[in-house]
Amino acid sequence: MNLLTINSFDCSAEAGGGVNRMTVLLSREFRKRGIGCYLGFYEDIPETFARAPFEGRIKLSRHFDDNAFASFLRSNKINIVQVNFLKKENLPTISRIYAIARQLGVKVIYAFHMCPGFQTVTYGSWEMVKYCVRQKKNVSAETKKWLMTVFRPLIAPFERLYLRPKYRIPYENCDVLVTLSESYFKPYMRLAGVTDNAKFKAIGNTLRFEEYITQSELSKKQKTVIVVARFDEDTKRISIAFRAWRKIQNHPVAADWQLQLVGEGRDRAFYEYLIDKWNLKRVVFTGLQNPQPYYRDASLFLMMSSAEGWPMVVTEACQQGTVVIAMDSFGALHNIIENGYNGMIVPNNNLPAFTEAIEELMWDESRRQQYARNAVESSKRFETPVIIDKWLKLFNSLLK
């Protein structure tokens, strides 16, 4: 069996991004099972990154070359093409990919790596607008985000109509549409304007790390609350963690705790501004780092994103016994976290509930330790062999 995976970008084990990481990880495991793995991509990545190994590569373009693509499929005996979620400018090429594949008897999978409708939940805040006014930059763009956030209930129906082609085109041009969770079937169908769910399958992401934290290591965790994220406020909403910390930091229960941010990004200066403005204490930036040792040391992990597909940081935190407190902003969260068992889920945008959950777990060490043990055990559902078997079962069903 030979598989061609098509991404927006070339792939490297050194590059970030969930689609890139999963493509590299899955292709490595597929090759161990005897599957030939090929890569199609539209854009290069920096030359400083070492390219991940594939049997062959084809660079594609929005000006699609039908003959070159057909030749690549034939010469490499491709059986299945898997198209991963594409940037909007490359989306129209899916119809060409599917037409050529059908002519050659090749099956096509479209893998959607986000939660349906994620495009409509970009987060804007008045605090960011005020910061941009002070800096005299990006004022218009951030004001637009803030207004869209405030008036989202009114504009949501129009946004769904605008998004319809982005969901309908992939649905119509694949044999199977894979989402990260069954909870995404109905939202995707609603956006695409379809009623038949026969094409849909759900396969979550696999764990990235091989090592689990041990029971003895769990007892040595530090009083650290951790955020692991790209510093993009409009999607990751890290300012919500700061708002909660502002309310918690002077409480006696938090006296020995620190808030640690692992990552980097365009909005770091905004976060430094908030720390200074709100007089936040015991907040530490680590920069861009391998997060695994930080998970192992930290006791609590915060997730505030406006939308996610299947965030690997959540399963990584569970695997290392870092108890997750998350806002309920995406369906797959419930596939990973069971509220009150291996973490806590609070209503989306409910800052008082979010703050209270953090305080509760800071105070109740016994409960925190039990959640941590449960998190480690429950994360084993997403071990690589388990997820690979799901993909192989799907591949084999298509080639019967």
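Hydrogens, waters and symmetry mates are skipped; everything else that's a heavy atom, side chains included, is used. If you read the sequence from its start, that first residue is 1, and numbering goes on from there.
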N/O donor-acceptor pairs under 3.5 Å from side chains in residues 56-63, not counting sequence neighbours:
from	atom 1	to	atom 2	distance (Å)
Arg57	NE	Asp10	OD1	3.0
Arg57	NH1	Ala52	O	3.1
Arg57	NH2	Asp10	OD1	3.2
Arg57	NH2	Ala52	O	2.7
Lys59	NZ	Asp44	OD2	2.7
Ser61	OG	His63	N	3.0

Going by an N to O cut-off under 4.0 Å, is there a salt bridge joining Glu127 and Lys277? yes

Checking side-chain contact (heavy atoms from CB on, under 4.5 Å) between Val323 and each of Asn374, Leu361, Val225, which is the one that passes? Leu361

Counting only heavy atoms from other residues, nucleotides and ligands, does the tally under 6.0 Å from NZ of Lys247 exceed 12? no

Would you call the rings of Trp310 and Phe382 parallel, tilted or perpendicular, taking 30° and 60° as the class edges? perpendicular

Glu365 side chain reached by Gln369 side chain, heavy atoms, under 4.5 Å: yes

Between the main-chain N or O of Lys77 and the side-chain N or O of Asn2, is there a donor-acceptor pair closer than 3.5 Å? yes

Does a sphere of radius 6.0 Å around CD in Glu182 hold more than 12 heavy atoms from other residues, nucleotides or ligands, not counting ones at 6.0 Å or beyond? no

Please round to the nearest 0.5 Å and tell me the distance separating atom OH of Tyr123 and atom CG of Asn349. 7.5 Å

Please round to the nearest 0.5 Å and tell me the distance separating atom OH of Tyr131 and atom CZ of Phe270. 8.0 Å

Any donor-acceptor N/O pair, Ser12 side chain to Ala50 backbone, under 3.5 Å: yes

Decide, yes or no, whether a salt bridge links Glu142 with Lys145 under the criterion of side-chain N to carboxylate O below 4.0 Å. yes

Flag, side chain of Gln249 to backbone of Asn279, donor-acceptor distance under 3.5 Å: yes

Here the gap from Glu210 atom CD to Gln292 atom CD, rounded to the nearest 0.5 Å, amounts to 9.5 Å

Do side-chain atoms of Thr179 reach the backbone of Ala202 as a donor and acceptor pair under 3.5 angstrom? no

Pair Ile97-Asn173, side-chain contact (heavy atoms from CB on, under 4.5 Å): steps then yes or no: CA-CA 8 Å; Ile97 291 169; Asn173 290 284; over 6 Å; no

Taking the six-membered ring for Trp, are Phe112 and Tyr167 closer than 6.0 Å centroid to centroid? yes

I'd like to know if the side chain of Thr322 reaches the main chain of Phe301, judged simply by a donor and an acceptor atom lying under 3.5 Å from each other, with no hydrogens or angles considered. no

Given the rule in the side-chain contact (heavy atoms from CB on, under 4.5 Å) test, do Lys107 and Val176 qualify, once you have shown the distances and angles that lead to the verdict? CA-CA 9 Å; Lys107 299 297 183 180; Val176 174; over 6 Å; no

Would you say Glu43 has more than 12 foreign heavy atoms packed within less than 6.0 Å of its CD? yes

Looking only at the side chains, is there a donor atom on one of Gln260 and Tyr294 sitting less than 3.5 Å from an acceptor on the other? no

What I'd like to find out is whether the side chain of Leu218 reaches to under 4.5 Å of the side chain of Lys221, using heavy atoms alone. yes

Rounding to 0.5 Å, atoms CG (Asp267) and CG (Leu274) come to a distance of 10.0 Å

What do the steps show when you test Arg367 against Gln370 for side chain to side chain donor-acceptor pair (under 3.5 Å), and what is the final call? CA-CA 5 Å; Arg367 184 177 167 197; Gln370 185 60 56; over 6 Å; no

The reported gap from CD1 in Ile78 to OG1 in Thr5 (rounded to nearest 0.5 angstrom) is 9.0 Å

With no hydrogens and no angle check, just 3.5 Å: does a side-chain donor-acceptor pair link Asn339 and His334? no

Check: Lys220 main-chain N/O paired with Gln222 side-chain donor or acceptor under 3.5 Å: yes

Would you check if there is a donor-acceptor pair between the side chains of Ser239 and Glu233 at a distance under 3.5 Å? yes

Is there a path of hydrophobic side-chain contacts, each under 4.5 Å between heavy atoms of I, L, V, M, F, W or Y residues, that connects Leu91 with Tyr98? yes

Tell me whether Arg164 contacts the main-chain N or O of Arg190 through its side chain, where contact means a donor paired with an acceptor under 3.5 Å. yes

Going hydrophobic residue to hydrophobic residue with side-chain gaps under 4.5 angstrom, can you get from Ile6 over to Ile80? no

Contacts under 3.5 angstrom, residues 383-400 side chains, donor-acceptor by atom type, not counting sequence neighbours:
from	atom 1	to	atom 2	distance (Å)
Glu383	OE2	Tyr212	OH	2.8
Thr384	OG1	Thr206	OG1	3.0
Asp389	OD1	Arg33	NH1	3.1
Asp389	OD1	Arg33	NH2	3.2
Asn396	ND2	Leu392	O	3.1
Ser397	OG	Leu394	O	2.6

Run the ring pair (Phe, Tyr, Trp, His ring centres under 6.0 Å) test against Phe64 and tell me which residues pass, sequence neighbours left out. Phe69

Tell me whether Met312 shares a hydrophobic cluster with Met303, the cluster being built from Ile, Leu, Val, Met, Phe, Trp, Tyr side chains joined at under 4.5 Å. no

What do you reckon, is OH of Tyr162 surrounded by more than 12 foreign heavy atoms closer than 6.0 Å? no

Distance-only, no hydrogens or angles: does the Tyr184 side chain make a donor-acceptor pair with backbone N or O of Gly309 under 3.5 Å? yes

Looking at Lys201, I'd like to know if its NZ atom is crowded, meaning that more than 12 non-hydrogen atoms belonging to other residues, nucleotides or ligands lie closer than 6.0 Å. no

Under 3.5 Å: donor-acceptor pair, side chain of Arg368, backbone of Met362: yes

Kindly work out whether a path of hydrophobic side-chain contacts (I/L/V/M/F/W/Y, heavy atoms less than 4.5 Å apart) joins Val283 to Val228. no

Check the hydrophobic clustering (I, L, V, M, F, W, Y; side-chain heavy atoms under 4.5 Å; chains of links allowed) and say if Phe54 and Ile45 are grouped together. no

Between Tyr341 and Ser378, does any side-chain donor sit less than 3.5 Å from a side-chain acceptor? no

Students often mix this up, so state it plainly: with edges at 30° and 60°, are the rings of Trp146 and Trp126 parallel, tilted or perpendicular? tilted

Can you confirm whether more than 12 heavy atoms, excluding those of Lys144, are under 6.0 Å from its NZ atom? no

Given side-chain contact (heavy atoms from CB on, under 4.5 Å), test Cys318 with Val324 step by step and report yes or no. CA-CA 7 Å; Cys318 290; Val324 174; 4.2 Å; yes

So CG of Asp66 and CD1 of Ile100: to nearest 0.5 Å the spacing works out to 4.0 Å

For Ser299 and Thr224, indicate whether the former's side chain and the latter's backbone hold a donor-acceptor pair under 3.5 Å. no

Val83 side chain reached by Pro170 side chain, heavy atoms, under 4.5 Å: no

Can you list the steps and then say if Met344 with Tyr371 is a side-chain contact (heavy atoms from CB on, under 4.5 Å)? CA-CA 9 Å; Met344 296 186 74; Tyr371 283 6; 3.8 Å; yes

My understanding is that only one of Glu211, Glu217, Glu316 makes a salt bridge (charged side-chain N to carboxylate O under 4.0 Å, His left out) with Arg296; could you say which? Glu217

Once the angle between the rings of Tyr271 and Phe242 is folded into 0 to 90°, is it parallel (under 30°), tilted (30 to 60°) or perpendicular (over 60°)? perpendicular

Tell me yes or no: between the side chains of Ser305 and Glu308, is some donor less than 3.5 Å from an acceptor? yes

Any Lys/Arg nitrogen of Glu55 or Arg31 sitting under 4.0 Å from an Asp/Glu carboxylate oxygen of the other? yes

